[in-house]
J.: 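Once you've had a glance at the structure underneath, I'll fire off some questions.
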Amino acid sequence: MCIIIVMVAPNLNHSASFAYKNYLSYYSAETVHDLAESAASMAANALFEDPTWRAGFATKSLWGGTYNTTVKKYAADTTKIMITAIATFQSAVETVQVLLQPSSFSKFAYYSQIEGNISWISGDTVWGPFHTEDYMQISGSPVFYGKVTTKKGTSPTKSSAKFYGGYQSGVSVPLPTGFSQVSTAATANGKVISSGDLYIQFVKDSIYWKTSSSGSYTHASLSTYAPNGVIYVASGNIHVLGTLKGQVTICANGSSGSTTKGNVYLDDNVQYNTDPRTTPTSTDMLGIVAENDIIVTDNTVNRADITIQASMFSMTGGFTAEDYDTRPVSGTIYEYGGICQYQRGAVGQFSGSKITSGFYKNYTYDNRLLVSFPPAFPSTGLFEVLSWKE
Amino acid sequence: MGSSSLLDIIGSLLLGGMVALMVINTNGNLTKINYNYGSEMTVQSNLVTLASMIEQDFRRIGYCSVPLKFPDPTKALLLATQHSIKFIADYNADGNLDTIYYYLGDTVSARFTKNPNDMLLYKQTNSTKAVGYNLGVVNFNFTYFDALADSLAFPIATPSSIYSFRLSILLQSPNPYDSTYQYAYWRQLRLSAINLRNR
């Protein structure tokens, strides 16, 4: 019997110790992964609190292991930042890399500073990120597929709204107070119109422009007119229409307190040469930026629908239709992009479920705006995560 | 021969028989323990291998080294059922999107083991032939949660509403001892791929 025991016992010991080693190996792998993930999260948090933070963390201890974090410009695109967190626990090593880029207002499918008396109701559906600095008024069950953030919360506090992308209150993303970013870019390698209005028509990668409604157009290639795609009117309005091939941001600034300048008028369809809805690899992208309003002009061509493919930003006004309360029923606004505005503007009036003047709305979010933005489009001043590699 | 010798002989036979029985019993117990230890070790080792592989793959859901190629990672989950999941990920971090599909076979798929409950776990990458892993999988169950941590009922019509999920795995040994199978259980309470909701 002793011989049997002597023969079997080593095998039993081996099995027991191997099972324990198996457990330890898994524990090490999980711990080092959690360490690396925590280090990357802490670095990302530091960057969110201070967008200029680049110090990183040098050999810190945590949970019996150590971690190192560096924050550097991303080599392939220096506007982006790469956080690299390397953690060590016993003999296990793990690396987590986080790619971040400056956050642009163009990422929002819908942004407002003030909601006013507007409610989101059953039948309303929003794709893409949503934010308001005001209370979000809800009636019934509107559906939101992107993440919804508010500064003040919802009214009522509990609602039947469907937040499929998540909901968070107490988040503040204030509007900028000026267009220094746009004007700087336009001055550096774009086009600046120091005063007066600008009338432009995109014809693929060419631009036709004039400075009065009655004048005749001059034309040039976009790359010659505004090499970096940024067109800035310092004190006036912009009228725009046409089909764009390229990436452009147009910005109308005005005199402080005046509403007669700093508006962008959409005189006809404004659309992309390559439609990203059918060709997702399209690189055409338009930013429309106005200090005051972005307005669908009341003219003959806009009496039968209008197509707008752009990300729109209105700093003190909103997106609206000219004479929205007196113009005849003008069809539908087909908007593809996103809308950021100080206060939601009206595009029509309705009675019951039918409009009596102005437009119906058909707004669709351009998913490309989650990761890219028109040149020099207003930034939130923060960084956002593009990808997280473990 | 005297009566005392006869008693000695009977006594020896009894003692010898008892010792023999003890040896046989000990041998049987040691064999059982040895077999069970070995089975447990195999099952645990299989579980660690499976859990590590799954965690590594699931952390990549929605990841793309070229973000512009996949701007909306909420669309990374293509199929989500109780016993299977299909998702998009840049598996090799080379900028090319891959489709990974995990699904459970039926009990017939592992018919070559004596365990009537175990199944093959299949993993298919893109359109290549699915690889079956014979690890003694008996349960491979998902529970999915939305952004408000409410569990989603099956069938899930819109996988993009999934925010996180829970995975439970039960493995058993392929062969029993005394009709008893060794088993190991693993559950990840909240598997959330960070790239799924980072925009």
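Proteins come first, then strands; the chains are lettered A, B, ... in the order of their sequence lines, and each starts at number 1.
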J.: Can you tell which part of A:L99 gets under 4.5 Å to a heavy atom of chain B, answering side chain, backbone, both or neither?
T.: side chain

J.: I would like to know whether B:R60 and B:D98 meet salt bridge (Lys or Arg N to Asp or Glu O under 4.0 Å); could you show each step before the answer?
T.: CA-CA 10 Å; B:R60 293 182 183 157; B:D98 303 295; over 6 Å; no

J.: Who among A:G165, A:G166, A:S372 has the most heavy-atom pairs with chain B under 4.5 Å?
T.: A:G165

J.: Classify the ring geometry of B:Y35 against B:Y177: parallel below 30°, tilted from 30° to 60°, perpendicular beyond 60°.
T.: tilted

J.: Quick check on A:Q101 against chain B: is it the side chain, the backbone, both or neither that has a heavy atom closer than 4.5 Å?
T.: neither

J.: Give a yes or no on this: more than 12 heavy atoms of other residues, nucleotides or ligands lie within 6.0 Å of atom NZ of A:K245.
T.: no

J.: Of the backbone (N, CA, C, O) and the side chain (C-beta and beyond), which part of B:E55 lies under 4.5 Å from a heavy atom of chain A, both, or neither?
T.: side chain

J.: For chain A, find which of B:K69, B:K75, B:R59 contributes the most heavy-atom pairs closer than 4.5 angstrom.
T.: B:R59

J.: Can you classify the ring geometry of A:W120 versus A:F130 as parallel (below 30°), tilted (30 to 60°) or perpendicular (above 60°)?
T.: perpendicular

J.: Side chain from CB out, backbone as N, CA, C, O: work out which of these in B:S45 comes under 4.5 Å of a heavy atom of chain A, or both, or neither.
T.: both

J.: Working to the nearest 0.5 Å, report the span between CZ of B:F154 and NE2 of B:H83.
T.: 8.0 Å

J.: Is A:E30 close to chain B through its backbone or its side chain, or both, or neither, when contacts mean heavy atoms under 4.5 Å?
T.: side chain

J.: Are B:N126 and B:T128 close enough that a side-chain donor and a side-chain acceptor fall under 3.5 Å?
T.: no

J.: With chain B, which of A:H33, A:Q97, A:R368 has the greatest number of heavy-atom pairs at distances under 4.5 Å?
T.: A:H33

